[in-house]
**Student:** 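Let me begin by handing over the structure; questions about it come next.
Each chain gets a letter, A, B and so on, in the order its sequence line appears, and its residues count up from 1.
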Number of protein chains: 2
Amino acid sequence: MVGTPAYRRIYEDLSARIHAGELAPNAQLPGEALLAEQFGVARMTVRQAIGQLADDALVVRRQGVGTFVAGDAAGRRSLNRLTSFTEDMSGAARKVETELLLRAICDPKPDVAAALGLTAGARVVRIRRLRRVAGVPVLLNDSHLPYGLFPSLDREDLIEGSLYRTLETRYDTRLRRADQRIRAVAASRELARLLDIAPRSPLLRSERITLSDRNTAIEFARSWARPDFELSVHLQR
Amino acid sequence: MVGTPAYRRIYEDLSARIHAGELAPNAQLPGEALLAEQFGVARMTVRQAIGQLADDALVVRRQGVGTFVAGDAAGRRSLNRLTSFTEDMSGAARKVETELLLRAICDPKPDVAAALGLTAGARVVRIRRLRRVAGVPVLLNDSHLPYGLFPSLDREDLIEGSLYRTLETRYDTRLRRADQRIRAVAASRELARLLDIAPRSPLLRSERITLSDRNTAIEFARSWARPDFELSVHLQR
DNA sequence: GAGTGGTCTAGACCACATG
DNA sequence: ATGTGGTCTAGACCACTCA
């Protein structure tokens with residue numbers, strides 16, 4: 001044990017082999033007993049790793065038959081995982097760019113303060129970014145973070161444009177989970193201009209509250225995605 | 001054991017207690033050791049149940065502290081669970097109605113046939129329904145199912161308007177998982193009329209492929225939701 | 001019948017938060 | 001120091017699929 005649990009290492013290992021193509025779509029994984037032997041752990045530990053791969057829809061389990069790489073697992077990222085936009089887009093050959101539109105300390109609007117559970121008078125760092133993929137603007141992201149938790153975020157550059165990587169690296173803040181609400185809205189003139197589409201075009205709007213390890217709200221983010229941007233969800237049972 | 005696994009019964013039990021308000025938001029659950037004793041199972045079995053509640057975002061676990069009912073668990077359903085619209089809306093006091101617009105056997109378009117993995121010439125049962133909540137039309141659903149699997153579905157009425165319940169009850173088909181893709185689109189004239197909104201209003205469009213136990217595609221469904229309809233997702237790690 | 005995943009046990013030790 | 005959840009073991013038996 002080196003800090004990261006065994007099941008996590010196994011998950012990463014298998015996940016990497018799937019994304020690398022070593023385990024091709026529809027290929028059968030080694031049996032759980034064999035994997036347990038190979039990794040030198042108990043079968044329950046292997047099952048914990050494979051269970052997460054199944055949650056991601058990267059593999060499909062069939063009782064009495066085996067576990068198989070999902071048919072569409074090729075370029076796809078894990079579903080229902082809390083990942084940064086940067087991570088989401090990596091693996092694809094497309095180039096991701098981030099344009100920083102705003103970085104400032106603000107007094108939050110009441111809805112933002114409520115979402116973050118801030119006390120009266122607490123301020124937020126607001127970071128507004130436009131994400132481009134292969135030169136096309138696809139997503140406008142407007143994040144609000146408690147200034148008290150990240151007191152120098154307004155003066156630092158983000159690591160490779162990634163807010164989440166910056167939080168983990170510089171503030172030792174491990175992201176744990178997020179609740180996200182999604183709806184369709186019409187593009188305002190400003191959004192239309194930024195995303196290079198016609199005003200009143202349909203957009204996918206998300207509102208996300210991100211929580212840390214310690215279960216404290218770290219970020220409230222609104223984002224708007226171009227109509228050709230798709231969001232995938234995996235549902236079970 | 002009576003067919004349903006112990007962890008499932010524990011999951012249902014706790015889930016019901018949360019929805020009934022017996023376990024109020026932010027209340028602490030009994031410790032895992034105590035629950036194991038109460039249910040007469042090993043602690044690992046209790047953990048399996050609680051793990052699913054955490055996936056649902058119905059409870060939050062905090063190491064060293066305890067497990068707590070989510071603050072917003074009140075009227076909310078489990079997130080990321082494959083549930084029917086009918087189930088989603090139950091629990092709320094609002095009345096759900098279903099208007100059957102179309103039920104017919106059709107030759108599927110190529111994209112539908114591909115999504116269902118049908119052989120050439122195979123036909124589908126198409127079921128188009130408008131769902132109303134408290135009298136307001138909120139969702140148009142257009143489902144396609146392999147006619148070969150459900151040969152009498154075009155002649156039978158749905159049980160309480162619920163397709164999923166009908167499949168489970170009359171065809172002994174247990175739904176297992178679904179992959180869903182979501183995007184924003186502009187309302188056509190027909191959709192606008194059905195959903196009682198202005199043409200070109202932004203809509204949330206979902207495309208869902210539902211798979212059974214045996215991992216065969218059971219349904220390809222497109223649905224369009226009014227702009228005030230929100231979709232919630234829970235992301236982890 | 002052989003092999004697979006699904007469920008379950010009765011322990012153990014660790015990491016963490018709190019009093 | 002105590003109690004919590006997090007990880008892990010080394011088995012066991014069951015349910016299922018397929019040859």
Side-chain angles (χ1 to χ4, degrees), chain A residues 1-14 26-55 58-70 172-174 176-177 211-216 236-237, chain B residues 1-14 26-55 58-70 172-174 176-177 211-216 236-237:
Chain A
M1 258 168 286
V2 292
T4 56
Y7 76 87
R8 188 73 196 171
R9 286 187 293 105
I10 298 169
Y11 168 86
E12 302 282 5
D13 183 286
L14 293 174
N26 301 312
Q28 183 169 6
L29 267 65
E32 296 176 351
L34 180 53
L35 285 172
E37 194 188 342
Q38 287 174 355
F39 285 104
V41 298
R43 186 177 154 227
M44 285 297 293
T45 304
V46 166
R47 277 185 65 75
Q48 200 170 347
I50 295 183
Q52 297 208 352
L53 292 171
D55 289 343
L58 283 179
V59 304
V60 176
R61 297 207 259 211
R62 282 198 273 165
Q63 187 172 2
V65 187
T67 302
F68 301 83
V69 178
D172 192 34
T173 296
R174 282 155 298 183
R176 172 67 168 278
R177 57 192 203 88
L211 303 160
S212 77
D213 268 37
R214 297 172 191 76
N215 220 50
T216 55
Q236 296 202 54
R237 284 221 156 171
Chain B
M1 254 168 291
V2 293
T4 55
Y7 76 86
R8 187 75 195 171
R9 285 188 292 104
I10 297 169
Y11 168 86
E12 303 283 5
D13 183 285
L14 294 173
N26 301 312
Q28 182 169 6
L29 268 66
E32 296 176 351
L34 180 54
L35 285 172
E37 193 188 343
Q38 287 175 356
F39 285 103
V41 298
R43 185 177 155 226
M44 284 297 294
T45 304
V46 166
R47 277 186 65 77
Q48 201 170 347
I50 294 184
Q52 297 207 351
L53 292 171
D55 290 343
L58 282 179
V59 305
V60 175
R61 298 207 259 212
R62 282 199 274 164
Q63 186 171 3
V65 187
T67 303
F68 301 83
V69 178
D172 192 34
T173 295
R174 282 155 299 185
R176 171 67 168 275
R177 56 192 204 89
L211 303 161
S212 78
D213 258 23
R214 297 173 191 74
N215 220 49
T216 54
Q236 297 204 53
R237 284 218 158 176

**Student:** Check this one for me: any side-chain N or O of Y7(B) less than 4.0 Å away from OP1 or OP2 of dC8(C)?
**Tutor:**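 Answer no for this pair, as no side-chain N or O of Y7(B) is under 4.0 Å from OP1 or OP2.
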**Student:** Minimum heavy-atom separation for R61(A) and A54(A), please, with both atom names.
**Tutor:**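 It is NE-CB, 4.5 Å.
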**Student:** In whole angstrom, give the distance that lies between atom CD of E32(B) and atom P of dA10(C).
**Tutor:**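 Taking atom P of dA10(C) as the reference, CD of E32(B) is at 17 Å.
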**Student:** Using the test side-chain contact (heavy atoms from CB on, under 4.5 Å), find all partners of N26(A) that sit at least two apart in sequence or belong to another chain.
**Tutor:**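 In terms of side-chain contact (heavy atoms from CB on, under 4.5 Å), with neighbours along the sequence ignored, N26(A) is linked to no residue.
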**Student:** When the distance from CD1 of I10(B) to P of dT9(C) is rounded to whole Å, what number comes out?
**Tutor:** 8 Å
**Student:** Kindly point out which of dA10(C), dC8(D), dG5(C) is positioned nearest to the side chain of A42(B)?
**Tutor:** dA10(C)
**Student:** Is there any side-chain hydrogen bond (donor to acceptor under 3.5 Å, both in side chains) pair reaching into residues 46-55 of chain B, and which pairs are they, with sequence neighbours excluded?
**Tutor:**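 Only E32(B)-R47(B), D55(B)-Q236(B) qualify under side-chain hydrogen bond (donor to acceptor under 3.5 Å, both in side chains).
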**Student:** Looking at every heavy atom in both P30(B) and L35(B), which two are closest together, and how far apart are they?
**Tutor:** O-CD1, 3.5 Å
**Student:** Does atom CD of Q28(A) have more than 12 heavy-atom neighbours from other groups under 6.0 Å away?
**Tutor:** yes
**Student:** Counting heavy atoms from C-beta on, name the nucleotide in dG5(C), dG5(D), dT9(C) closest to the side chain of R47(B).
**Tutor:** dG5(D)
**Student:** Sequence neighbours excluded, which residues qualify as side-chain contact (heavy atoms from CB on, under 4.5 Å) partners of L211(A)?
**Tutor:**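 If we apply the side-chain contact (heavy atoms from CB on, under 4.5 Å) test to L211(A), skipping adjacent residues, the hits are R177(A), I209(A), A217(A).
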**Student:** Counting side-chain heavy atoms from C-beta on, which of dG6(D), dT7(D), dA10(D) comes nearest to P5(A)?
**Tutor:**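 The nucleotide sitting nearest to the side chain is dT7(D).
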**Student:** Could you state the atom-to-atom distance from CD1 of I50(A) to P of dT7(C) in whole Å?
**Tutor:** 14 Å
**Student:** Starting from the C-alpha separation in whole Å, work towards a yes-or-no answer on side chain to side chain contact (heavy atoms under 4.5 Å, CB included) for R62(A) and R214(B).
**Tutor:** CA-CA 7 Å; R62(A) 282 198 273 165; R214(B) 297 173 191 74; over 6 Å; no
**Student:** Could you state the CE-C1' distance from M44(A) to dT9(C), rounded to the nearest angstrom?
**Tutor:**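 Between C1' of dT9(C) and CE of M44(A): 10 Å.
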**Student:** Can you tell if the side chain of L14(A) reaches within under 4.5 Å of the side chain of V59(A), non-hydrogen atoms only?
**Tutor:** no
**Student:** Tell me, for nucleotides 12-19 of chain C in 5' to 3' order, what letter each nucleotide earns: B for a base near a protein heavy atom under 4.0 Å, S for only sugar-phosphate near one, - for neither?
**Tutor:** B--BBS--
**Student:** Counting only side-chain heavy atoms from C-beta out, which of dG6(C), dT7(D), dT7(C) sits nearest to Q48(A)?
**Tutor:**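 When the side chain of Q48(A) is considered, dT7(D) is the closest of dG6(C), dT7(D), dT7(C).
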**Student:** Rounded to whole angstrom units, what separation is found between the CZ atom of F68(A) and the P atom of dG5(C)?
**Tutor:** 8 Å
**Student:** What do you reckon, is CD of E12(A) surrounded by more than 12 foreign heavy atoms closer than 6.0 Å?
**Tutor:** yes
**Student:** Using five base pairs at each end to define the local axes, how bent is the helix from dG1(C)-dC18(D) to dT18(C)-dA1(D), to the nearest 10°?
**Tutor:**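 Computed angle between terminal axes is 10°.
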**Student:** Send over the distance from D213(A) CG to dT4(D) P, rounded to a whole Å.
**Tutor:**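 In whole Å, dT4(D) P and D213(A) CG are 21 Å from each other.
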**Student:** If you pin A33(A) and G40(B) to their nearest nucleotides in DNA chain C, which one's is more 5'?
**Tutor:**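 Counting from the 5' end, the first nearest nucleotide belongs to A33(A).
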**Student:** Roughly, in whole Å, what's the span from CZ in R61(A) to C1' in dT17(D)?
**Tutor:**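 It works out to 17 Å between those atoms.
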**Student:** With sequence neighbours excluded, what pairs up with V41(A) under the side-chain contact (heavy atoms from CB on, under 4.5 Å) test?
**Tutor:** A6(A), I10(A), F39(A), T45(A), V46(A)
**Student:** For F39(B) and dT7(C), give me the distance from atom CZ to atom P, rounded to whole Å.
**Tutor:** 17 Å
**Student:** So, is T45(B) close to the dT9(C) phosphate, meaning a side-chain N or O under 4.0 Å from OP1 or OP2?
**Tutor:**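 For T45(B), the contact criterion (side-chain N or O under 4.0 Å from OP1 or OP2 of dT9(C)) is met.
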